[in-house]
Protein chains: 2
Amino acid sequence: MSTLRGTAPAGVPDTVVPAESHSKADRAYQALIEGIQQGRFAPGSRLVLAQLAEELGMSVVPVREAIRRLQHDDLVSYERNVGATVVGVDPEEYRYTMETLALVEGFSTAQCAPLVTAGELERARVINARMRALLDDFDPVEFTALNKEFHSTLFEHHQNPHILDLVHRGWNRLTALRSSTFAHVPGRAPQSVAEHDQLLDLIAAGAPFQDIETAARQHRANTLAAYMDTMAPADQH
Amino acid sequence: MSTLRGTAPAGVPDTVVPAESHSKADRAYQALIEGIQQGRFAPGSRLVLAQLAEELGMSVVPVREAIRRLQHDDLVSYERNVGATVVGVDPEEYRYTMETLALVEGFSTAQCAPLVTAGELERARVINARMRALLDDFDPVEFTALNKEFHSTLFEHHQNPHILDLVHRGWNRLTALRSSTFAHVPGRAPQSVAEHDQLLDLIAAGAPFQDIETAARQHRANTLAAYMDTMAPADQH
DNA sequence: TCACCACAGATCGTATACGATTTCGCGCGG
DNA sequence: CCGCGCGAAATCGTATACGATCTGTGGTGA
């Protein structure tokens with residue numbers, strides 16, 4: 001991540017990309033990742049180089065590179081001499097992703113906590129309030145966006161760019177998985193908002209590293225558990 | 001990682017690569033990663049596509065792909081229209097790597113712990129004994145190799161391939177950094193071996209998740225701290 | 001009827017070619 | 001003597017072309 005040009009950091013959609021990333025490969029990557037996250041490419045569907053190249057108005061070479069990046073991000077699966085397919089939402093894969101995210105996000109949150117300013121805390125509370133307001137008439141996409149924004153606020157003073165990159169990759173993967181099948185786990189949202197507040201309280205109180213890490217990690221783990229509970233009965237008929 | 005072909009998973013050198021990975025890009029990647037880890041490419045030196053292509057007896061296209069993979073692994077830094085340079089041993093970068101490794105390796109160790117068999121524990125003890133035997137007439141390369149083998153043994157029953165992949169990437173990066181400048185932190189090796197034994201004791205005793213995670217994480221953190229202590233005075237003259 | 005082989009279509013992997021961008025040194029003017 | 005702009009060399013980015021490999025289909029023989 002630290003080795004990437006500042007303009008297009010690992011495809012993080014938060015930062016506005018300067019319109020023309022001045023590299024066809026970058027544009028292809030952006031286009032594909034958006035397409036996947038918006039569900040325009042169904043999971044399991046094949047990504048054919050020549051076809052995509054024509055759609056994007058470029059040669060296959062940049063497309064190829066973009067696809068290999070997506071492979072690194074675990075957003076597509078690739079087989080030599082066969083091609084790439086959009087990764088599905090195997091519940092097991094979801095577990096891997098959430099677990100990894102819980103790990104890195106938890107650590108990162110704890111590491112950033114002492115450096116979070118009062119202003120940032122306040123901003124996070126405002127965002128969380130907007131999330132709470134959204135609970136009634138629920139919009140998963142908007143909610144997810146706010147969720148990203150919330151956690152981003154706490155990462156303002158990131159200490160370790162490697163870990164921050166892992167967090168971003170986890171988010172990307174998550175949106176890709178989420179948008180493609182399940183809208184959301186019912187009833188999880190309110191608790192999520194509540195946990196956000198608890199987390200902010202911990203940070204405000206200057207709680208020890210481990211407490212914050214555990215709380216942040218548990219926050220993700222709870223979502224995962226809720227998903228598993230919802231899915232498991234339906235899965236093993 | 002799970003999306004990679006089984007034969008060449010993210011350049012992990014543990015698994016024997018079937019001689020011909022039957023992909024020039026793969027061969028180039030292997031060759032470059034070895035070259036970097038063995039210090040054949042000095043840190044900071046440029047990796048010129050055409051030049052490497054000729055050395056490896058292939059066109060620039062596979063080389064280019066290999067370099068982008070290395071970029072993803074944070075082994076080279078890349079600048080558009082300029083080229084790739086082997087990543088240096090910036091102490092800060094070392095910190096990032098070790099910190100990340102402490103995080104993912106700690107978690108992975110704790111997660112695998114309950115599944116480690118008695119046989120594997122015994123094997124780990126044997127490996128650690130060999131490391132202890134090596135303490136007298138010290139060989140950093142051999143020691144590092146055994147260290148990898150030791151931790152690999154504990155990962156036999158990995159639960160989360162994503163995290164396992166992160167561990168492997170950390171190891172790769174670490175060998176690359178280590179081989180290029182500092183042989184080792186003096187005096188750290190004996191303590192490292194001792195900590196290994198403590199870790200094995202915890203696992204054997206069926207200690208709770210968090211205890212094992214903390215111990216494994218601390219194991220890396222201690223190495224990092226030792227390095228920082230050694231480096232800091234020498235660095236700021 | 002079923003298994004197997006051969007062939008054709010589709011798709012990828014790599015080589016080569018050329019335009020685009022950057023870097024560096026040289027000469028000019030102050 | 002030093003700063004500045006210009007031009008050539010080096011290097012990368014992308015397009016196009018072709019050979020290699022896989023997949024599916026149809027036909028043949030048991």
Side-chain angles (χ1 to χ4, degrees), chain A residues 3-11 17-32 35 41-42 44-72 75-87, chain B residues 3-11 17-32 35 41-42 44-72 75-87:
Chain A
T3 67
L4 288 172
R5 300 168 29 250
T7 56
V17 175
E20 18 81 8
S21 290
H22 269 171
S23 164
K24 301 209 174 181
D26 287 349
R27 284 204 326 248
Y29 179 74
Q30 285 292 130
L32 287 178
F41 299 106
S45 67
R46 296 193 51 184
L47 296 177
V48 180
L49 293 184
Q51 176 186 319
L52 294 172
E54 189 168 10
E55 278 179 32
L56 297 170
M58 61 182 72
S59 139
V60 298
V61 182
V63 178
R64 181 188 169 84
E65 182 173 319
I67 287 193
R68 301 224 83 126
R69 282 198 225 170
L70 291 173
Q71 179 192 1
H72 278 307
L75 287 177
V76 307
S77 122
Y78 196 85
E79 204 174 347
R80 176 176 158 84
N81 278 320
V82 175
T85 60
V86 179
V87 85
Chain B
T3 67
L4 288 173
R5 300 168 31 252
T7 56
V17 176
E20 20 81 6
S21 291
H22 266 321
S23 164
K24 302 209 173 182
D26 287 350
R27 286 205 324 249
Y29 179 73
Q30 285 292 131
L32 287 179
F41 299 106
S45 67
R46 294 192 53 182
L47 297 177
V48 180
L49 292 184
Q51 175 187 320
L52 294 171
E54 189 168 11
E55 278 180 32
L56 296 170
M58 62 182 70
S59 139
V60 298
V61 182
V63 178
R64 181 188 168 84
E65 182 173 319
I67 286 193
R68 299 226 84 124
R69 282 199 226 170
L70 292 174
Q71 177 193 1
H72 180 80
L75 287 177
V76 307
S77 118
Y78 196 86
E79 204 174 346
R80 177 178 159 83
N81 277 320
V82 174
T85 61
V86 179
V87 85

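Labels below follow one simple rule: chain letters A, B, ... track the order of the sequence lines, proteins then strands, and each chain is numbered from 1.
Protein atom CD of A/Glu65 is 15 Å distant from nucleotide atom P of C/dT14, rounded to whole Å. Distance CG (A/Leu49) to C1' (D/dC18): 16 Å, rounded to an integer number of Å. For B/Arg27 and C/dG13, the CZ to P distance is 15 Å, given to the nearest whole Å. For the pair B/His22 NE2 and D/dG19 P, the computed distance is 20 Å after rounding to whole Å. For the pair B/Leu56 CG and C/dA15 P, the computed distance is 11 Å after rounding to whole Å. The CZ-P distance, from A/Arg80 to C/dT11, rounds to 18 Å in whole Å. Per the geometry, CZ belonging to B/Arg46 stands 8 Å off P belonging to C/dC24, to the nearest Å. A/Asn81 places its CG atom 13 Å from the P atom of C/dT11, with the value rounded to the nearest Å.
Of the two residues contacting DNA chain C, namely A/Val82 and A/Val61, the nearest-nucleotide position lying further toward the 5' end is that of A/Val82. Residues A/Ala84 and B/Met58 both approach DNA chain C. Their nearest nucleotides, taken by heavy-atom distance, put A/Ala84 toward the 5′ side.
Residue-level contact check: B/Leu47 touches the backbone only, with heavy atoms under 4.0 Å from sugar-phosphate atoms and none from bases.
Taking side-chain N and O atoms only, B/Tyr78 has a distance below 4.0 Å to OP1 or OP2 of D/dG13. Residue A/Ser59 places at least one side-chain N or O under 4.0 Å from the OP1 or OP2 atom of D/dA15.
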Next on the checklist: Run A/Leu32 and A/Phe41 through side chain to side chain contact (heavy atoms under 4.5 Å, CB included) and show every step you take.
Outcome noted: CA-CA 8 Å; A/Leu32 287 178; A/Phe41 299 106; 4.0 Å; yes

Next on the checklist: For a salt bridge (Lys or Arg N to Asp or Glu O under 4.0 Å) check, start with the C-alpha distance between B/Glu65 and B/Lys24, then their side-chain angles and the critical distance, and finish with the verdict.
Outcome noted: CA-CA 10 Å; B/Glu65 182 173 319; B/Lys24 302 209 173 182; over 6 Å; no

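Heavy atoms only, all atoms of each residue included: B/Leu56 and B/Ala31 are closest at CD2-CB, 3.8 Å. Closest approach of A/Ser59 and A/Val63 over heavy atoms only: O-CG2, 3.6 Å.
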